[in-house]
Structure formats: C-alpha cells, structure tokens
S.K.: 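Let me begin by handing over the structure; questions about it come next.
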Amino acid sequence: MTRHDTLRPTRRGVLAGGAAATAAGLILPARARAQSGPQKGGTLRVGFTQGSTSDSLDPATFNNDFMLASGYAVFSTLTEIAPDGSARPDLAESVEPSSDAATWTFRLRDDAAFSDGRTVTAADVIASIRHHMGEDSNSGVKPLLEQIADIRADGDKVVIFELETGNADFPFVFNDYHLGIRQDTGDGTIDPDSRVGTGGYVIEAFEPGVRIELVRRDDYWKAGAAHFDRVVILKVGDAAARMNALMTGEVDLIDRPDLKTIELLGRNPNVKIHTQDGTLHYTMPMHCDAAPFDDVNVRQALKYAIDREQMIDTVLRGYGTVGNDHPIARTMPFYNGDLEQVSYDPERARSHLRQAGLDSLDVTLHTADAAFNGAVDASVLFSESARAAGINIEVSREPDDGYWSNVWLNRPFCCSYWGGRPTPGLMFSTGYAAGADWNDTNWDNARFNELLASTRAELDQDRRAEMYGEMQKLVKEDGGALIPAFGQYVSAMSTSVAMPEEISEMWDLDSQRFVERWWFS
C-alpha cells in the first residue's frame with residue numbers, strides 16, 4: 001500500500017492526500033486501467049447490501065449506501081473528492097478562502113441546471129445548506145455546519161460563507177452526501193421530497209428499501225459523465241443471494257460479497273473482484289453515559305478482550321488491518337503512528353475490570369450483518385475471546401431491516417461501521433464531538449472538544465499534527481469506540497463494467513459516485 005502519512009493539506013484545504021490501492025493475485029486493484037474509454041449506453045443493475053423501508057428522499061435522513069449512491073446520481077454537491085484525495089469543485093466552479101480561512105467564496109457554474117431546466121442559483125445552495133442547520137434538524141451533517149456564522153449570496157452565482165473561526169478543511173464539507181443541492185421553493189426552504197436535482201440522472205421509480213430506477217439526462221451539464229442509459233439499484237440484503245444474482249447475470253455489480261465464499265466468484269470468467277483501500281472501519285460503539293460503559297476501565301477491558309488478528313483472518317479473510325480504537329486510517333493525513341497498538345490481552349482486560357471494582361462483566365452486544373458483512377460472526381468470536389477475561393458477552397442478533405434506525409444510536413453496545421471522512425477534523429466532528437447527532441458513543445471529553453475547536457482554525461500544519469495526534473490518543477484511551485479493524489472495500493462486477501484508471505478511494509465504489517463515473521466497456 002502506498003502511504004501518504006506525511007502528506008498535509010494546504011491552507012486552501014483542497015490538496016489533502018488520499019490512499020493508493022494495491023493489487024493481490026487476480027484481484028482487480030482500485031486503480032486498474034480501464035480497457036477502453038467511456039462508452040454511452042446500457043442498463044446497469046446493482047445489488048446492494050443496504051437499504052431500508054424507512055429510507056426517504058429527504059437528504060437529512062440519508063444513512064446507507066443505497067441512498068448515498070442514488071443521491072449522488074441525482075443531486076450534485078458543491079465539491080467532490082477526486083482520486084488524489086483533494087476536494088475539487090463540482091457544482092461550484094471555484095472555491096476561494098480568505099487569508100485566515102474564515103471566509104470562503106464559492107462561485108457556481110454558469111451552465112449548471114436542474115433536471116427541469118432551471119439554472120442553479122445561490123438561493124438554491126443557501127436553502128439546501130440551511131435545511132440541515134435548523135434547531136430541529138437531525139441531519140448527520142449538522143455538526144459540520146455549526147461552524148457557519150453566516151451564509152449570504154453575492155448575486156445569483158456567488159455564495160459566501162462566514163465561519164466562526166478559520167477552517168482549512170472547509171471545502172471538504174460540501175462533498176458530504178447529505179448536501180446535494182435542491183431547489184429553493186421561494187421562501188428559503190427546499191422540498192425534501194422533490195426529485196428535481198442537478199445530477200446526471202432523474203428518478204423514474206423509488207420504492208424505499210427495495211429499488212430505485214434512474215434514467216440519464218440528455219441535457220446533463222457535466223461533460224464526460226453519466227454514461228449508463230439507465231441504472232437500477234436493488235436492495236439484496238442476503239450475501240448469498242447477491243453473489244448468485246451476479247453469477248447468473250441478473251445484476252452487473254454487487255457490493256460486499258461474502259468473503260467466506262468469495263473464491264466462487266473468482267472462478268467465474270464473467271466476473272471480476274474489485275478491492276480498494278480507504279477509510280472504512282468496523283466499530284462496536286459503547287454508550288459512555290450508560291452503565292457499565294460509563295466507567296472507562298470497563299471500556300478498556302472490552303478493548304483488550306477482543307482478538308483483532310483473529311477477526312482479520314477469520315471474518316475479513318485478510319481484507320483488512322487491525323484497528324487501534326480511533327477512526328483515523330494509516331493513509332490519512334495526521335495519522336498518529338506512535339500510539340501503542342491495542343492487542344488481545346485477557347490479563348490486562350481483567351486488570352481493568354478490577355480497577356472498575358468488578359470480578360466479571362455481563363453485557364449484551366447487539367449485532368446484524370447489516371452493520372457490516374460478518375458482523376454476527378465477529379460478535380460471536382468476540383464473545384468467545386472475552387471469556388478468558390471474565391467477560392460474558394451475550395450476542396443479540398437483530399433484524400437487518402431497520403437496523404440503522406432501531407439499533408444504531410439506540411442500543412448501548414452494538415456493531416457498526418464508518419466509511420470515514422476525508423480529513424481527521426471532519427471525522428471527529430461528525431462522530432466524536434460532544435452533542436453531534438452521530439456521536440454513537442455519547443462521548444463527551446472536554447480536552448478533546450477543546451482541541452477539535454482549535455484545530456479548525458490552526459493553519460500551522462506541524463501544530464495541527466500535534467493536536468490531531470493527541471485527539472487520536474484521547475479517543476483510543478478514553479473514548480467508547482471499540483475499533484478492531486479497518487477493512488478493504490470489496491465488490492464484484494461483470495467484466496463488462498469499466499471504470500477510470502484512477503478512482504476516489506475514500507468510500508466504496510468510487511466514493512459511491514460510480515453511477516456517474518463508470519460505464520460498460
């Protein structure tokens with residue numbers, strides 16, 4: 001794996017480093033050379049693991065890959081993550097900061113238009129952003145927008161953001177999948193159920209948690225994009241059913257094949273397996289405000305009671321690396337490589353239990369393969385390894401459908417995953433800041449929160465590295481996130497599916513922008 005551990009973002013916040021992928025055996029690497037240039041036409045049929053009957057077109061509710069991929073196809077964002085990890089303009093034509101990075105000016109493209117022909121204006125952008133900023137908003141991107149002191153238009157094509165303090169990473173915020181631009185209804189709001197977007201596709205049919213059918217716009221303003229005539233995304237939650245659908249030609253692309261039987265796909269001459277590194281990590285969040293997890297020693301005992309290497313070998317089949325209980329990947333800027341690696345140590349776990357005043361511990365871990373492929377198996381392995389430390393883990397298998405609305409954020413100990421974010425600041429702000437809606441451990445550490453606020457305005461890169469390093473240490477030693485592994489993104493597809501030579505590796509499938517960027521060879 002090519003490392004970029006020393007790469008630092010510039011003050012302009014648009015040159016952050018990304019990960020490069022590796023090839024192994026017959027596995028197609030993320031940067032595999034396409035056999036031919038983009039071709040127009042065809043219907044791409046996709047089988048996705050995720051999708052829920054509670055899904056809606058309201059961008060504030062997006063929380064799974066089914067809606068991410070669909071949202072990016074229909075609703076453009078101001079910026080997008082490029083293959084080199086930078087935040088490049090998308091619906092915006094240019095992005096310019098003030099000298100202190102506290103004021104950011106976004107100039108919109110003159111030719112960008114909605115699917116009904118209406119030109120995109122600054123009013124549309126402002127209404128779309130404010131949709132996630134209201135007092136009653138539960139949007140996952142809300143914590144990233146709280147830094148905005150004011151948004152104003154300078155004519156129809158310029159949007160100016162005034163921040164509470166400087167933020168060198170601010171352009172990255174607008175790649176977030178919640179922030180697809182919708183039309184202003186005329187009173188500064190959007191219709192969250194509207195299907196009118198600025199992306200390359202329009203919605204022909206939508207059954208939440210079942211299917212979405214997309215049709216390419218002939219008048220799409222972005223050159224060299226949106227190659228498929230039609231795209232059908234299906235929820236196929238069962239891994240065996242997904243793999244069988246690919247092998248029999250019922251679908252052209254699937255995510256998350258079953259790693260235990262992935263060799264069956266490799267034997268099919270019409271199928272190729274695709275891997276890419278990135279920021280994906282698997283987690284078991286503990287609510288720090290609920291007993292017994294409100295005791296840091298209990299949290300530490302559980303972290304030392306899981307056999308991470310066994311999980312990599314047995315559950316992930318080698319498609320991953322051990323995690324160290326903080327969410328910053330080795331390939332990200334400001335990764336702290338000096339922290340002691342947490343490893344399986346039943347005696348150390350017992351020592352933490354004794355410090356908590358306990359001889360043994362009984363907890364329930366809520367799990368489902370909807371959390372990540374192999375989550376149930378990982379939970380059972382955890383239960384088995386924890387017994388040596390005097391920890392009894394009851395594994396409660398929950399229904400896949402509704403897992404993200406009924407279990408995640410609601411149960412005090414469960415399985416989850418994060419696709420990560422392109423910078424440490426965005427990752428910490430979304431999932432670890434006190435009060436953030438997606439702080440799935442309910443963690444509140446005063447020193448961490450102080451550092452998080454300070455790093456946004458800090459333009460000295462060495463100082464930022466020190467602060468981010470300390471924040472990783474705090475999350476590891478005090479936080480409620482048990483992060484046993486970082487995983488490779490693994491997908492499988494027909495050999496006729498082609499992609500650019502270089503793709504964005506932050507999230508799976510070209511950062512879920514494959515609908516617009518890929519094609520049939």
Side-chain angles (χ1 to χ4, degrees), residues 27-51 65-76 80 83 90 115 180 195 197-207 210-236 241-257 265-266 268-276 489-504 507-521:
I27 301 297
L28 180 71
R31 295 192 174 190
R33 182 176 298 277
Q35 295 179 352
S36 61
Q39 308 292 315
K40 294 288 186 185
T43 297
L44 178 71
R45 300 157 301 167
V46 184
F48 259 4
T49 305
Q50 295 183 335
D65 291 346
F66 185 97
M67 295 309 301
L68 266 67
S70 304
Y72 278 139
V74 178
F75 305 98
S76 306
E80 62 181 350
D90 185 18
S115 58
R195 300 184 177 193
T198 57
Y201 290 83
V202 295
I203 299 172
E204 186 172 78
F206 176 48
E207 298 176 65
V210 179
R211 67 191 290 124
I212 189 166
E213 298 185 27
L214 309 173
V215 179
R216 187 182 66 205
R217 288 176 53 185
D218 291 332
D219 61 343
Y220 187 35
W221 50 270
K222 187 188 292 187
H227 307 292
F228 302 110
D229 287 337
R230 299 174 61 88
V231 177
V232 179
I233 300 177
L234 306 169
K235 158 72 179 293
V236 187
R242 269 196 318 281
M243 293 170 66
N244 184 66
L246 178 63
M247 289 190 288
T248 58
E250 295 177 63
V251 299
D252 308 293
L253 168 67
I254 64 171
D255 69 346
R256 307 186 188 189
L265 292 178
N268 189 319
N270 298 315
V271 172
K272 57 187 178 184
I273 300 168
H274 175 259
T275 66
Q276 65 183 70
Y489 289 113
V490 183
S491 56
M493 64 199 73
S494 163
T495 53
S496 64
V497 176
M499 66 190 71
E501 181 177 353
E502 295 185 341
I503 67 174
S504 178
W507 296 326
D508 197 7
L509 299 172
D510 213 347
S511 290
Q512 292 297 346
R513 292 182 182 265
F514 68 96
V515 173
E516 176 177 278
R517 296 176 179 175
W518 295 10
W519 63 90
F520 283 125
S521 61

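All figures in this text were calculated on a predicted structure; none of them were measured in a lab. Throughout, residue positions are numbered sequentially from 1 according to the sequence presented.
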S.K.: What heavy-atom pair brings Tyr220 and Ala226 nearest, and what distance separates the two atoms?
M.R.: CD2-CB, 3.8 Å
S.K.: Could you pull out the closest heavy-atom pair between Ser491 and Asp255, with the gap in Å?
M.R.: CB-CA, 4.2 Å
S.K.: Supply the atom-to-atom distance Asp510 CG to His274 NE2, rounded to the nearest 0.5 angstrom.
M.R.: 8.0 Å
S.K.: Heavy atoms, side chains only, cut-off 4.5 Å: are Trp518 and Phe228 in contact?
M.R.: yes
S.K.: Could you check if a side-chain atom of Gln276 sits within less than 4.5 angstrom of a side-chain atom of Tyr489, using non-hydrogen atoms only?
M.R.: yes
S.K.: Quick one: OG1 on Thr248 to CG on Asn270, what's the gap to the nearest 0.5 Å?
M.R.: 11.5 Å
S.K.: Run the side-chain contact (heavy atoms from CB on, under 4.5 Å) check on Val74 and Arg195 step by step: do they pass?
M.R.: CA-CA 8 Å; Val74 178; Arg195 300 184 177 193; 5.9 Å; no
S.K.: Please tell me if the side chains of Asp229 and Val215 come closer than 4.5 Å, counting only heavy atoms from C-beta onward.
M.R.: no
S.K.: In Å and rounded to the nearest 0.5 Å, what is the CZ to CE distance from Arg256 to Met243?
M.R.: 15.0 Å
S.K.: Enter the distance from Ser496:OG to Lys272:NZ here, rounded to the nearest 0.5 Å.
M.R.: 7.5 Å
S.K.: Does the side chain of Val236 come within less than 4.5 Å of Glu250's, by heavy atoms?
M.R.: no
S.K.: Would a 4.5 Å heavy-atom cut-off, applied to side chains only, mark Phe514 and Ser504 as touching?
M.R.: no
S.K.: Counting N and O atoms only, with roles assigned by atom type, does the side chain of Lys222 sit under 3.5 Å from a partner on the main chain of Asp90, one being a donor and the other an acceptor?
M.R.: no
S.K.: Before you tell me yes or no, could you show the steps for Gln39 and Phe520 under side-chain contact (heavy atoms from CB on, under 4.5 Å), namely the whole-Å CA-CA distance, both residues' side-chain angles and the distance that decides it to 0.1 Å?
M.R.: CA-CA 6 Å; Gln39 308 292 315; Phe520 283 125; 5.8 Å; no
S.K.: Specify the closest pair of heavy atoms between Arg217 and Gly197, including all atoms of both residues, with the distance to one decimal.
M.R.: NH1-O, 3.6 Å
S.K.: Are Met493 and Asp252 side-chain neighbours, meaning at least one heavy-atom pair lies under 4.5 Å?
M.R.: no
S.K.: Heavy-atom distance under 4.5 Å between the side chains of Arg211 and Val232, does that happen here?
M.R.: yes
S.K.: Say whether, by atom type as modelled, one donor and one acceptor occur between the side chain of Ser511 and the main chain of Arg513 under 3.5 angstrom.
M.R.: no
S.K.: By the definition side chain to side chain contact (heavy atoms under 4.5 Å, CB included), identify the one residue from Thr43, Leu44, Leu253 that meets it with Val231.
M.R.: Leu44
S.K.: Considering non-hydrogen atoms only, spot the tightest contact between Lys235 and Phe66 and give its length.
M.R.: N-CE1, 4.0 Å
S.K.: Backbone N or O of Leu234 within a donor-acceptor pair of the Arg45 side chain at under 3.5 Å?
M.R.: no
S.K.: Kindly give the heavy-atom pair with the smallest separation between Arg230 and Glu213, and that separation in Å.
M.R.: NH2-OE1, 3.2 Å
S.K.: So which heavy atom on Phe206 is nearest to which on Ile212, and how close?
M.R.: CD1-CD1, 3.9 Å
S.K.: Could you tell me whether the side chain of Asp65 reaches within less than 4.5 Å of the side chain of Thr49, counting heavy atoms only?
M.R.: no
S.K.: Between the main-chain N or O of Thr198 and the side-chain N or O of Ser76, is there a donor-acceptor pair closer than 3.5 Å?
M.R.: yes
S.K.: Examine distances only and state if a side-chain atom of Arg242 and a backbone atom of Phe48 form a donor-acceptor pair shorter than 3.5 Å.
M.R.: no
